[in-house]
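In what follows, residues are counted from 1 in the order of the sequence shown. Remember, predicted model here, so these are calculated numbers, not experimental data.
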Amino acid sequence: MKIYIYIIALFTLGITSCKKEFLEIPPKTALTDGVYFTSAKDFQNAVNGIYSPLRGFYGSAWVMGELRSDNTTYNFNPNDRGSIAPEFIKDFTDDSNNGFTAGKYSGNYTMIARANQVLSLIDGLNFDSSLKNNLKGQAYFLRALAYFDLVQYFGSVPIHLTPVKTLAETALPLSTAEAVYAQVIADAKQAATLLPPKASQEAGRATSGAAKMLLGNVYIVQKKWSDAEATLKDITGYSLMANYADVFDPNKKNNAESLFEVQYKQGPDGFASNFFYQFLVQPITGAETQAITGIPESSRNVQGFNIPTPDIISAYESNDLRKAESISTLTASGKPYPYIKKYAHAHALTNNTDDNWPVYRYAETLLFLAEASNELNKTAEAAGYLNQVRSRAGLAPTSATTQSTLRDAILQERRVELAFENKRWLDLVRTGNAVSVMTAYGQRVKANPQAYYFPAGITVSPSAFTNIRLLFPLPASEAALTPFF
(Lines give C-alpha, C1' and ligand atoms only; values in the text may rest on other atoms or scores of the structure.)
Protein backbone atom coordinates (compact mmCIF):
# COMPACT_ATOMS: atom_id res chain seq x y z
CA MET A 1 0.00 0.00 0.00
CA LYS A 2 1.64 3.18 -1.15
CA ILE A 3 -0.98 5.80 -0.45
CA TYR A 4 0.18 7.90 2.45
CA ILE A 5 2.62 5.26 3.54
CA TYR A 6 4.90 8.16 4.17
CA ILE A 7 2.33 9.29 6.73
CA ILE A 8 2.49 6.03 8.67
CA ALA A 9 4.66 7.21 11.49
CA LEU A 10 7.51 4.96 12.44
CA PHE A 11 10.98 6.41 12.81
CA THR A 12 12.88 3.33 13.87
CA LEU A 13 14.69 3.34 10.53
CA GLY A 14 13.59 6.67 9.10
CA ILE A 15 15.57 8.75 11.59
CA THR A 16 18.87 7.12 10.88
CA SER A 17 18.24 6.39 7.21
CA CYS A 18 16.55 9.43 5.71
CA LYS A 19 16.88 8.04 2.20
CA LYS A 20 14.05 5.53 2.83
CA GLU A 21 11.21 7.06 0.87
CA PHE A 22 8.26 5.03 2.08
CA LEU A 23 7.51 3.59 5.49
CA GLU A 24 5.41 0.53 6.04
CA ILE A 25 3.36 -0.64 8.98
CA PRO A 26 5.88 -2.62 11.07
CA PRO A 27 5.54 -6.19 12.27
CA LYS A 28 4.88 -6.77 15.95
CA THR A 29 8.52 -7.65 16.47
CA ALA A 30 9.74 -4.25 15.24
CA LEU A 31 11.03 -1.53 17.53
CA THR A 32 8.12 0.87 18.08
CA ASP A 33 8.16 4.63 18.52
CA GLY A 34 7.33 4.26 22.21
CA VAL A 35 10.56 2.35 22.71
CA TYR A 36 12.68 4.56 20.50
CA PHE A 37 11.72 8.02 21.80
CA THR A 38 13.24 7.90 25.28
CA SER A 39 15.55 10.95 25.31
CA ALA A 40 15.87 14.50 24.05
CA LYS A 41 18.52 13.28 21.61
CA ASP A 42 15.98 10.94 20.04
CA PHE A 43 13.71 13.89 19.33
CA GLN A 44 16.62 15.93 17.99
CA ASN A 45 17.35 13.12 15.55
CA ALA A 46 13.67 12.94 14.58
CA VAL A 47 13.54 16.67 13.86
CA ASN A 48 16.65 16.31 11.71
CA GLY A 49 14.67 13.71 9.79
CA ILE A 50 11.93 16.25 9.05
CA TYR A 51 14.43 18.51 7.29
CA SER A 52 15.89 15.70 5.20
CA PRO A 53 13.26 15.56 2.40
CA LEU A 54 13.84 19.26 1.66
CA ARG A 55 17.08 18.43 -0.12
CA GLY A 56 15.27 16.02 -2.41
CA PHE A 57 12.25 17.99 -3.53
CA TYR A 58 13.89 21.42 -3.52
CA GLY A 59 16.40 19.85 -5.86
CA SER A 60 13.64 19.67 -8.47
CA ALA A 61 11.23 22.37 -7.24
CA TRP A 62 12.40 24.62 -10.08
CA VAL A 63 10.37 22.53 -12.55
CA MET A 64 7.06 23.72 -11.11
CA GLY A 65 8.17 27.04 -9.65
CA GLU A 66 10.40 28.49 -12.36
CA LEU A 67 10.26 26.44 -15.58
CA ARG A 68 6.46 26.71 -15.54
CA SER A 69 6.80 30.48 -15.89
CA ASP A 70 8.17 32.87 -18.50
CA ASN A 71 11.57 33.00 -16.77
CA THR A 72 13.10 29.76 -18.04
CA THR A 73 12.61 27.13 -20.71
CA TYR A 74 14.19 24.00 -22.17
CA ASN A 75 16.62 23.36 -25.01
CA PHE A 76 14.73 20.97 -27.26
CA ASN A 77 16.89 17.97 -28.17
CA PRO A 78 15.40 15.96 -31.07
CA ASN A 79 17.91 13.18 -30.40
CA ASP A 80 16.81 12.59 -26.81
CA ARG A 81 13.12 12.32 -26.13
CA GLY A 82 13.35 10.10 -23.06
CA SER A 83 13.73 12.64 -20.24
CA ILE A 84 11.18 15.28 -21.10
CA ALA A 85 8.71 15.30 -18.19
CA PRO A 86 9.72 18.91 -17.33
CA GLU A 87 9.00 19.87 -20.94
CA PHE A 88 5.33 18.95 -20.46
CA ILE A 89 5.11 21.11 -17.34
CA LYS A 90 6.63 24.02 -19.23
CA ASP A 91 4.18 23.68 -22.13
CA PHE A 92 1.07 23.10 -19.94
CA THR A 93 0.63 19.65 -21.47
CA ASP A 94 1.41 17.75 -18.26
CA ASP A 95 -1.04 15.41 -16.57
CA SER A 96 -1.46 13.58 -13.26
CA ASN A 97 1.21 11.01 -14.19
CA ASN A 98 4.07 13.51 -14.22
CA GLY A 99 6.81 12.37 -11.86
CA PHE A 100 7.81 15.86 -10.77
CA THR A 101 4.39 16.70 -9.36
CA ALA A 102 4.30 13.31 -7.64
CA GLY A 103 7.73 13.98 -6.15
CA LYS A 104 6.69 17.33 -4.72
CA TYR A 105 3.52 15.82 -3.30
CA SER A 106 5.21 12.84 -1.63
CA GLY A 107 8.15 14.89 -0.39
CA ASN A 108 5.88 17.31 1.41
CA TYR A 109 3.83 14.54 3.01
CA THR A 110 7.01 12.82 4.15
CA MET A 111 7.86 15.99 6.06
CA ILE A 112 4.33 16.22 7.42
CA ALA A 113 4.38 12.61 8.62
CA ARG A 114 7.65 13.08 10.43
CA ALA A 115 6.52 16.37 11.99
CA ASN A 116 3.30 14.71 13.17
CA GLN A 117 5.28 11.94 14.83
CA VAL A 118 7.44 14.41 16.76
CA LEU A 119 4.54 16.62 17.81
CA SER A 120 2.41 13.68 18.95
CA LEU A 121 5.06 12.33 21.32
CA ILE A 122 7.37 15.10 22.43
CA ASP A 123 5.22 16.37 25.31
CA GLY A 124 5.21 12.88 26.77
CA LEU A 125 8.88 13.13 27.70
CA ASN A 126 10.25 15.48 30.34
CA PHE A 127 13.40 17.36 29.31
CA ASP A 128 14.73 20.92 29.08
CA SER A 129 11.79 23.17 28.18
CA SER A 130 13.77 25.58 25.98
CA LEU A 131 15.12 22.70 23.90
CA LYS A 132 11.68 21.11 23.73
CA ASN A 133 10.10 24.36 22.55
CA ASN A 134 12.81 24.78 19.95
CA LEU A 135 12.25 21.28 18.58
CA LYS A 136 8.47 21.70 18.57
CA GLY A 137 8.82 25.04 16.85
CA GLN A 138 10.93 23.50 14.09
CA ALA A 139 8.39 20.74 13.59
CA TYR A 140 5.51 23.22 13.38
CA PHE A 141 7.45 25.41 10.94
CA LEU A 142 8.34 22.53 8.64
CA ARG A 143 4.80 21.18 8.68
CA ALA A 144 3.50 24.65 7.84
CA LEU A 145 6.05 25.02 5.04
CA ALA A 146 4.99 21.67 3.59
CA TYR A 147 1.27 22.41 3.67
CA PHE A 148 1.88 25.89 2.23
CA ASP A 149 3.75 24.35 -0.68
CA LEU A 150 0.99 21.80 -1.24
CA VAL A 151 -1.90 24.24 -1.17
CA GLN A 152 -0.22 26.70 -3.53
CA TYR A 153 0.51 24.07 -6.16
CA PHE A 154 -2.37 21.62 -5.73
CA GLY A 155 -5.16 23.52 -3.95
CA SER A 156 -7.32 21.09 -1.97
CA VAL A 157 -5.31 18.35 -0.26
CA PRO A 158 -5.85 16.07 2.76
CA ILE A 159 -4.87 17.44 6.16
CA HIS A 160 -3.08 14.91 8.38
CA LEU A 161 -2.23 16.23 11.84
CA THR A 162 -1.62 12.99 13.75
CA PRO A 163 0.36 9.85 12.94
CA VAL A 164 -1.48 7.22 10.96
CA LYS A 165 -1.86 4.00 12.97
CA THR A 166 -4.15 1.91 10.74
CA LEU A 167 -4.61 1.39 7.03
CA ALA A 168 -8.06 2.92 7.31
CA GLU A 169 -6.51 6.21 8.41
CA THR A 170 -4.19 6.51 5.43
CA ALA A 171 -6.78 8.09 3.13
CA LEU A 172 -8.60 11.23 4.19
CA PRO A 173 -10.99 13.46 2.26
CA LEU A 174 -9.63 16.53 0.53
CA SER A 175 -9.74 19.65 2.67
CA THR A 176 -10.56 22.98 1.05
CA ALA A 177 -7.73 25.32 0.24
CA GLU A 178 -9.13 27.70 2.87
CA ALA A 179 -8.84 25.00 5.53
CA VAL A 180 -5.27 24.21 4.49
CA TYR A 181 -4.31 27.89 4.66
CA ALA A 182 -5.87 28.08 8.11
CA GLN A 183 -3.72 25.15 9.23
CA VAL A 184 -0.59 26.77 7.82
CA ILE A 185 -1.36 29.96 9.72
CA ALA A 186 -1.95 28.06 12.96
CA ASP A 187 1.31 26.13 12.63
CA ALA A 188 3.33 29.17 11.60
CA LYS A 189 2.02 31.15 14.57
CA GLN A 190 2.97 28.31 16.92
CA ALA A 191 6.42 28.15 15.37
CA ALA A 192 6.96 31.90 15.66
CA THR A 193 6.14 31.71 19.37
CA LEU A 194 8.28 28.67 20.14
CA LEU A 195 11.36 29.24 18.00
CA PRO A 196 14.36 31.35 19.05
CA PRO A 197 15.67 34.23 16.92
CA LYS A 198 18.43 33.62 14.41
CA ALA A 199 21.11 34.98 16.73
CA SER A 200 20.55 32.13 19.20
CA GLN A 201 19.62 29.32 16.80
CA GLU A 202 21.94 26.76 15.22
CA ALA A 203 22.77 27.84 11.66
CA GLY A 204 20.45 26.38 9.05
CA ARG A 205 17.55 25.62 11.38
CA ALA A 206 14.18 27.34 11.40
CA THR A 207 13.94 30.51 13.47
CA SER A 208 11.20 32.81 14.71
CA GLY A 209 12.06 35.14 11.83
CA ALA A 210 11.59 32.37 9.28
CA ALA A 211 8.22 31.45 10.82
CA LYS A 212 7.07 35.08 10.67
CA MET A 213 8.19 35.29 7.06
CA LEU A 214 6.17 32.20 6.20
CA LEU A 215 3.16 33.64 8.01
CA GLY A 216 3.58 36.96 6.21
CA ASN A 217 3.78 35.12 2.90
CA VAL A 218 0.46 33.38 3.60
CA TYR A 219 -1.16 36.72 4.39
CA ILE A 220 0.22 38.17 1.14
CA VAL A 221 -1.28 35.29 -0.84
CA GLN A 222 -4.61 35.79 0.95
CA LYS A 223 -4.42 39.56 0.40
CA LYS A 224 -4.70 40.21 4.13
CA TRP A 225 -2.55 43.29 3.78
CA SER A 226 -2.77 44.65 7.33
CA ASP A 227 -1.90 41.27 8.84
CA ALA A 228 0.95 40.89 6.36
CA GLU A 229 2.38 44.31 7.12
CA ALA A 230 2.25 43.83 10.89
CA THR A 231 3.81 40.37 10.70
CA LEU A 232 6.59 41.34 8.30
CA LYS A 233 7.48 44.45 10.27
CA ASP A 234 8.08 42.18 13.26
CA ILE A 235 10.94 40.45 11.43
CA THR A 236 14.15 41.88 12.89
CA GLY A 237 17.80 40.98 13.04
CA TYR A 238 18.33 40.68 9.28
CA SER A 239 19.90 42.95 6.66
CA LEU A 240 20.72 42.97 2.97
CA MET A 241 24.17 41.76 2.03
CA ALA A 242 26.12 44.60 0.48
CA ASN A 243 26.98 42.54 -2.59
CA TYR A 244 24.20 40.60 -4.34
CA ALA A 245 26.58 37.79 -5.32
CA ASP A 246 27.49 37.21 -1.67
CA VAL A 247 23.92 36.10 -0.95
CA PHE A 248 24.51 32.89 -2.91
CA ASP A 249 28.19 32.33 -2.13
CA PRO A 250 28.62 28.84 -0.56
CA ASN A 251 31.30 30.33 1.65
CA LYS A 252 28.70 32.68 3.14
CA LYS A 253 25.82 30.35 3.83
CA ASN A 254 23.08 31.39 6.26
CA ASN A 255 24.29 34.98 6.03
CA ALA A 256 22.69 38.14 7.40
CA GLU A 257 20.14 38.19 4.59
CA SER A 258 19.11 34.55 4.92
CA LEU A 259 15.87 33.76 6.75
CA PHE A 260 15.76 30.14 5.66
CA GLU A 261 17.68 28.06 3.16
CA VAL A 262 17.88 24.36 2.37
CA GLN A 263 21.25 23.02 3.49
CA TYR A 264 23.53 21.12 1.12
CA LYS A 265 27.13 20.04 1.50
CA GLN A 266 29.46 18.89 -1.24
CA GLY A 267 31.31 15.63 -0.71
CA PRO A 268 30.70 11.87 -0.60
CA ASP A 269 28.05 11.79 2.14
CA GLY A 270 25.02 12.28 -0.11
CA PHE A 271 24.22 15.84 0.97
CA ALA A 272 25.56 17.66 -2.11
CA SER A 273 23.56 19.87 -4.45
CA ASN A 274 23.90 19.90 -8.23
CA PHE A 275 21.80 22.85 -9.41
CA PHE A 276 24.42 24.06 -11.86
CA TYR A 277 24.37 20.70 -13.62
CA GLN A 278 20.58 20.43 -13.59
CA PHE A 279 20.39 23.82 -15.32
CA LEU A 280 23.19 23.08 -17.78
CA VAL A 281 22.46 23.61 -21.45
CA GLN A 282 22.70 20.29 -23.26
CA PRO A 283 24.01 18.65 -25.41
CA ILE A 284 27.39 19.96 -24.28
CA THR A 285 30.90 18.57 -24.50
CA GLY A 286 33.10 17.91 -21.50
CA ALA A 287 35.48 20.63 -22.61
CA GLU A 288 32.66 23.17 -22.88
CA THR A 289 31.47 22.36 -19.37
CA GLN A 290 35.01 22.40 -18.01
CA ALA A 291 35.40 25.92 -19.37
CA ILE A 292 32.86 26.97 -16.74
CA THR A 293 33.66 24.64 -13.82
CA GLY A 294 37.42 24.31 -14.19
CA ILE A 295 37.35 20.60 -13.31
CA PRO A 296 37.34 17.48 -15.51
CA GLU A 297 33.93 16.96 -17.09
CA SER A 298 32.28 14.48 -19.45
CA SER A 299 29.95 15.26 -22.30
CA ARG A 300 26.22 15.48 -21.53
CA ASN A 301 23.78 14.62 -24.28
CA VAL A 302 20.21 14.74 -23.00
CA GLN A 303 17.92 17.76 -22.91
CA GLY A 304 18.79 20.99 -21.09
CA PHE A 305 16.31 22.63 -18.72
CA ASN A 306 15.78 25.85 -16.78
CA ILE A 307 17.57 27.96 -19.36
CA PRO A 308 16.93 31.72 -19.03
CA THR A 309 14.43 32.95 -21.62
CA PRO A 310 14.92 36.05 -23.75
CA ASP A 311 12.08 37.50 -21.67
CA ILE A 312 13.91 37.37 -18.33
CA ILE A 313 17.16 38.50 -19.95
CA SER A 314 15.45 41.64 -21.25
CA ALA A 315 13.59 42.20 -17.98
CA TYR A 316 16.67 43.68 -16.26
CA GLU A 317 17.21 47.42 -16.42
CA SER A 318 20.48 48.63 -17.86
CA ASN A 319 23.23 48.75 -15.21
CA ASP A 320 21.36 46.33 -12.92
CA LEU A 321 24.20 44.65 -11.03
CA ARG A 322 22.11 41.53 -10.46
CA LYS A 323 22.02 40.53 -14.11
CA ALA A 324 25.70 39.60 -14.42
CA GLU A 325 25.53 37.65 -11.16
CA SER A 326 22.40 35.75 -12.21
CA ILE A 327 22.87 35.04 -15.92
CA SER A 328 25.94 34.43 -18.04
CA THR A 329 26.77 32.80 -21.36
CA LEU A 330 28.37 29.46 -22.19
CA THR A 331 29.07 27.50 -25.33
CA ALA A 332 27.18 24.24 -25.87
CA SER A 333 27.73 22.16 -29.00
CA GLY A 334 29.53 25.15 -30.47
CA LYS A 335 26.64 27.60 -29.94
CA PRO A 336 26.28 30.38 -27.33
CA TYR A 337 23.48 30.01 -24.79
CA PRO A 338 22.54 31.81 -21.58
CA TYR A 339 22.76 29.83 -18.36
CA ILE A 340 21.89 30.42 -14.70
CA LYS A 341 25.07 31.68 -13.04
CA LYS A 342 23.53 32.20 -9.60
CA TYR A 343 24.35 28.63 -8.53
CA ALA A 344 27.64 28.26 -10.41
CA HIS A 345 30.45 28.23 -7.84
CA ALA A 346 33.76 26.48 -7.48
CA HIS A 347 33.58 22.82 -6.47
CA ALA A 348 35.83 19.79 -6.47
CA LEU A 349 33.78 17.03 -8.12
CA THR A 350 31.46 17.00 -11.10
CA ASN A 351 27.74 16.99 -10.27
CA ASN A 352 28.62 17.58 -6.61
CA THR A 353 28.26 21.20 -5.49
CA ASP A 354 28.02 23.08 -2.23
CA ASP A 355 25.25 25.56 -3.04
CA ASN A 356 22.35 25.94 -0.62
CA TRP A 357 18.87 26.75 -1.92
CA PRO A 358 17.42 30.10 -0.74
CA VAL A 359 13.82 29.73 0.45
CA TYR A 360 13.37 33.10 2.16
CA ARG A 361 15.66 36.13 2.06
CA TYR A 362 15.38 39.55 3.70
CA ALA A 363 15.19 41.13 0.24
CA GLU A 364 11.88 39.33 -0.18
CA THR A 365 10.75 40.56 3.23
CA LEU A 366 11.29 44.12 2.01
CA LEU A 367 9.47 43.45 -1.25
CA PHE A 368 6.55 41.87 0.60
CA LEU A 369 6.46 44.90 2.88
CA ALA A 370 6.45 47.14 -0.17
CA GLU A 371 3.54 45.17 -1.61
CA ALA A 372 1.48 45.20 1.60
CA SER A 373 2.14 48.90 2.24
CA ASN A 374 1.20 49.80 -1.31
CA GLU A 375 -2.08 47.91 -1.08
CA LEU A 376 -2.78 49.84 2.14
CA ASN A 377 -2.31 53.10 0.16
CA LYS A 378 1.04 53.88 1.83
CA THR A 379 2.80 54.50 -1.46
CA ALA A 380 5.71 56.51 -0.07
CA GLU A 381 6.46 53.87 2.56
CA ALA A 382 6.14 51.14 -0.04
CA ALA A 383 8.57 52.92 -2.35
CA GLY A 384 11.05 53.13 0.52
CA TYR A 385 11.10 49.37 0.97
CA LEU A 386 11.35 48.83 -2.78
CA ASN A 387 14.21 51.29 -3.10
CA GLN A 388 16.29 49.49 -0.49
CA VAL A 389 16.36 46.50 -2.82
CA ARG A 390 16.97 48.63 -5.90
CA SER A 391 19.83 50.51 -4.26
CA ARG A 392 21.74 47.29 -3.60
CA ALA A 393 21.32 46.48 -7.31
CA GLY A 394 22.89 49.81 -8.27
CA LEU A 395 19.62 51.27 -9.54
CA ALA A 396 18.00 54.66 -9.04
CA PRO A 397 14.87 54.98 -6.89
CA THR A 398 11.67 53.84 -8.54
CA SER A 399 9.85 56.34 -10.72
CA ALA A 400 6.47 54.82 -9.82
CA THR A 401 4.30 57.20 -7.82
CA THR A 402 0.78 55.77 -7.94
CA GLN A 403 -0.58 52.61 -6.37
CA SER A 404 -1.10 51.04 -9.79
CA THR A 405 2.33 51.82 -11.21
CA LEU A 406 4.01 50.87 -7.95
CA ARG A 407 2.16 47.54 -7.94
CA ASP A 408 3.66 46.76 -11.33
CA ALA A 409 7.10 47.97 -10.25
CA ILE A 410 7.10 45.71 -7.19
CA LEU A 411 6.16 42.63 -9.22
CA GLN A 412 8.84 43.49 -11.75
CA GLU A 413 11.40 43.93 -8.97
CA ARG A 414 10.46 40.56 -7.52
CA ARG A 415 11.05 39.00 -10.91
CA VAL A 416 14.66 40.15 -11.26
CA GLU A 417 15.65 40.13 -7.59
CA LEU A 418 14.33 36.61 -7.00
CA ALA A 419 15.02 35.21 -10.46
CA PHE A 420 15.58 31.43 -10.50
CA GLU A 421 14.52 31.01 -6.86
CA ASN A 422 11.15 29.39 -7.68
CA LYS A 423 9.08 32.50 -7.05
CA ARG A 424 7.93 33.56 -10.51
CA TRP A 425 5.13 31.06 -11.20
CA LEU A 426 3.56 31.53 -7.78
CA ASP A 427 3.78 35.31 -8.19
CA LEU A 428 1.97 35.13 -11.52
CA VAL A 429 -0.77 32.99 -9.99
CA ARG A 430 -1.38 34.99 -6.84
CA THR A 431 -1.42 38.33 -8.69
CA GLY A 432 -3.88 37.06 -11.28
CA ASN A 433 -1.41 37.45 -14.16
CA ALA A 434 -0.65 33.81 -14.97
CA VAL A 435 -3.15 33.31 -17.79
CA SER A 436 -2.43 36.55 -19.63
CA VAL A 437 1.35 36.41 -19.22
CA MET A 438 1.75 32.76 -20.19
CA THR A 439 -0.72 32.97 -23.08
CA ALA A 440 1.27 35.85 -24.52
CA TYR A 441 4.50 33.99 -23.84
CA GLY A 442 3.23 30.94 -25.71
CA GLN A 443 2.29 33.11 -28.68
CA ARG A 444 5.83 34.50 -28.80
CA VAL A 445 7.33 31.00 -28.70
CA LYS A 446 5.09 29.79 -31.53
CA ALA A 447 5.80 32.89 -33.59
CA ASN A 448 9.58 32.56 -33.26
CA PRO A 449 10.58 29.19 -31.80
CA GLN A 450 14.25 29.63 -32.71
CA ALA A 451 14.45 32.63 -30.35
CA TYR A 452 13.47 30.16 -27.62
CA TYR A 453 16.24 27.67 -28.51
CA PHE A 454 14.28 25.33 -30.78
CA PRO A 455 16.23 23.84 -33.68
CA ALA A 456 15.26 25.05 -37.14
CA GLY A 457 12.02 23.48 -38.29
CA ILE A 458 10.85 22.45 -34.80
CA THR A 459 8.41 24.21 -32.50
CA VAL A 460 6.20 23.40 -29.51
CA SER A 461 3.19 21.12 -29.68
CA PRO A 462 0.07 22.80 -31.10
CA SER A 463 -1.65 22.14 -27.76
CA ALA A 464 1.08 23.92 -25.78
CA PHE A 465 -0.04 27.00 -23.82
CA THR A 466 -3.68 26.50 -24.82
CA ASN A 467 -4.87 25.64 -21.30
CA ILE A 468 -3.05 27.73 -18.69
CA ARG A 469 -3.97 25.78 -15.55
CA LEU A 470 -3.23 27.50 -12.24
CA LEU A 471 -3.07 24.30 -10.18
CA PHE A 472 -1.39 20.97 -10.79
CA PRO A 473 -3.38 17.72 -10.81
CA LEU A 474 -3.09 15.46 -7.79
CA PRO A 475 -0.79 12.52 -8.60
CA ALA A 476 -2.50 9.61 -10.33
CA SER A 477 -0.47 7.17 -8.24
CA GLU A 478 -2.24 8.48 -5.14
CA ALA A 479 -5.64 8.97 -6.74
CA ALA A 480 -5.72 5.31 -7.70
CA LEU A 481 -5.54 4.31 -4.06
CA THR A 482 -8.07 6.59 -2.40
CA PRO A 483 -11.79 7.13 -2.90
CA PHE A 484 -11.46 10.84 -2.16
CA PHE A 485 -9.42 12.14 -5.13
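- Between the side chain of E297 and the backbone N or O of T289, no donor-acceptor pair lies under 3.5 Å.
- Judged by distance alone, the side chains of R415 and N71 do bring a donor and an acceptor atom under 3.5 Å apart.
- For the residue pair T285/E288, the side-chain donor-acceptor check at 3.5 Å is satisfied.
- Between V435 and L470, the closest side-chain pair of non-hydrogen atoms falls below 4.5 Å.
- Under a 3.5 Å cut-off, the side chain of S461 and the backbone N or O of S463 do form a donor-acceptor pair.
- Residue-environment remark: NZ (K335) stays at or below the threshold of 12 foreign heavy atoms within 6.0 Å.
- With 3.5 Å as the limit, one finds no donor-acceptor pair spanning the side chains of Q152 and R430.
- Defined by atom type and a distance below 3.5 Å, a donor-acceptor pair is present between the side-chain atoms of D187 and Q183.
- You'll find the side chain of L349 stays beyond 4.5 Å of the side chain of I295, heavy atoms only.
- Side-chain contact between D355 and F248 is absent, with no heavy-atom pair separated by less than 4.5 Å.
- For Q282 and Q303, the side-chain atoms include no donor-acceptor pair closer than 3.5 Å.
- Within the 4.5 Å cutoff, no side-chain heavy atoms of F465 are placed close to those of T439.
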Problem set entry | Steps toward salt bridge (charged side-chain N to carboxylate O under 4.0 Å, His left out) verdict (E371, K223) | CA-CA 10 Å; E371 189 170 348; K223 295 179 169 47; over 6 Å; no
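- Around atom CG of N319, no more than 12 heavy atoms belonging to other residues, nucleotides or ligands sit under 6.0 Å away.
- A donor atom on one side chain and an acceptor atom on the other are found under 3.5 Å apart for Q138 and N134.
- Using a 4.0 Å cut-off between charged side-chain N and carboxylate O, R205 and E202 make a salt bridge.
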For this session: Evaluate the ring pair (Phe, Tyr, Trp, His ring centres under 6.0 Å) criterion for residues F454 and Y74: first the C-alpha distance (whole Å), next the side-chain angles of each, then the deciding distance (0.1 Å), finally the verdict.
Result: CA-CA 9 Å; F454 282 86; Y74 54 89; 5.6 Å; yes
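- Residues L150 and V180 have side chains not in contact (no heavy-atom distance under 4.5 Å, counting atoms from C-beta outward).
- With hydrogens and angles ignored, the 3.5 Å screen pairs no side-chain donor or acceptor of N254 with any backbone N or O of A203.
- The closest donor-acceptor contact from the side chain of K446 to the backbone of V460 lies at 3.5 Å or more, if one exists at all.
- A side chain to side chain contact (heavy atoms under 4.5 Å, CB included) with I235 is found for one member of T365, L215, T207 and no other, namely T365.
- Between N374 and Y385 the shortest side-chain heavy-atom distance does not fall below 4.5 Å.
- In the model, R407 has no side-chain atom that pairs as donor or acceptor with a side-chain atom of T379 under 3.5 Å.
- Under a 4.0 Å N-O distance rule, the pair R444/D70 does not qualify as a salt bridge.
- Closest approach of T329 to P336, counting heavy atoms only: CG2-CB, 4.1 Å.
- Looking at N274, its side chain never comes within 3.5 Å of a backbone N or O of N352 through a donor-acceptor pair.
- A donor-acceptor distance shorter than 3.5 angstrom exists from the side chain of S333 to the backbone of P283, with no hydrogens or angles considered.
- A donor-acceptor pair is defined here as one N or O able to donate and one able to accept, closer than 3.5 Å; no such pair exists between the side chain of R114 and the backbone of A46.
- Remark: side-chain polar atoms of S391 are not paired, donor with acceptor, to backbone N or O of N387 under 3.5 angstrom.
- A distance below 6.0 Å separates the ring centres of H347 and Y277.
- Of the charged side-chain nitrogens involved, none lies within less than 4.0 Å of a carboxylate oxygen, so that D91 and R68 do not count as a salt-bridged pair.
- Using a 4.0 Å cut-off between charged nitrogen and carboxylate oxygen, E381 and K233 count as a salt-bridge pair.
- Checked for salt-bridge contact, E66 and K423 miss the test: no charged N lies under 4.0 Å from a carboxylate O.
- Of the options F154, F100, F472, a ring-ring contact (aromatic ring centres under 6.0 Å, His included) to Y105 is made by F154 and by none of the others.
- In this structure, K104 satisfies the cation-pi test against Y153, with its NZ or CZ atom closer than 6.0 Å to the six-membered ring centre and inside 45 degrees of the ring normal.
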Show which side-chain atoms of residues 356-363 pair as donor or acceptor with protein atoms under 3.5 Å away, not counting sequence neighbours.
from: N356; atom 1: OD1; to: K253; atom 2: NZ; distance (Å): 3.3
from: N356; atom 1: OD1; to: Y264; atom 2: N; distance (Å): 2.8
from: N356; atom 1: ND2; to: E261; atom 2: OE2; distance (Å): 2.8
from: N356; atom 1: ND2; to: Q263; atom 2: OE1; distance (Å): 3.2
from: Y360; atom 1: OH; to: N217; atom 2: ND2; distance (Å): 2.8
from: R361; atom 1: NE; to: E421; atom 2: OE1; distance (Å): 3.0
from: R361; atom 1: NE; to: E421; atom 2: OE2; distance (Å): 3.4
from: R361; atom 1: NH1; to: E257; atom 2: OE2; distance (Å): 2.7
from: R361; atom 1: NH1; to: E417; atom 2: OE2; distance (Å): 2.9
from: R361; atom 1: NH2; to: E417; atom 2: O; distance (Å): 2.8
from: R361; atom 1: NH2; to: E417; atom 2: OE2; distance (Å): 3.2
from: R361; atom 1: NH2; to: E421; atom 2: OE2; distance (Å): 2.9

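- Although no hydrogens or angles enter the test, the distance criterion places no donor-acceptor pair under 3.5 Å between the side chain of W425 and the main chain of N422.
- At least one donor-acceptor pair under 3.5 Å links the side chain of K90 to the backbone N or O of L67.
- Looking at heavy atoms from C-beta onward, Y339 lies in side-chain contact with F276 at the 4.5 angstrom threshold.
- Electrostatic pairing of K224 and E229 does not count as a salt bridge here, judged by no charged N lying under 4.0 Å from a carboxylate O.
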For this session: Kindly indicate, with the supporting measurements, whether the criterion salt bridge (charged side-chain N to carboxylate O under 4.0 Å, His left out) is fulfilled by R390 and E413.
Result: CA-CA 8 Å; R390 291 179 58 81; E413 201 67 33; 3.1 Å; yes
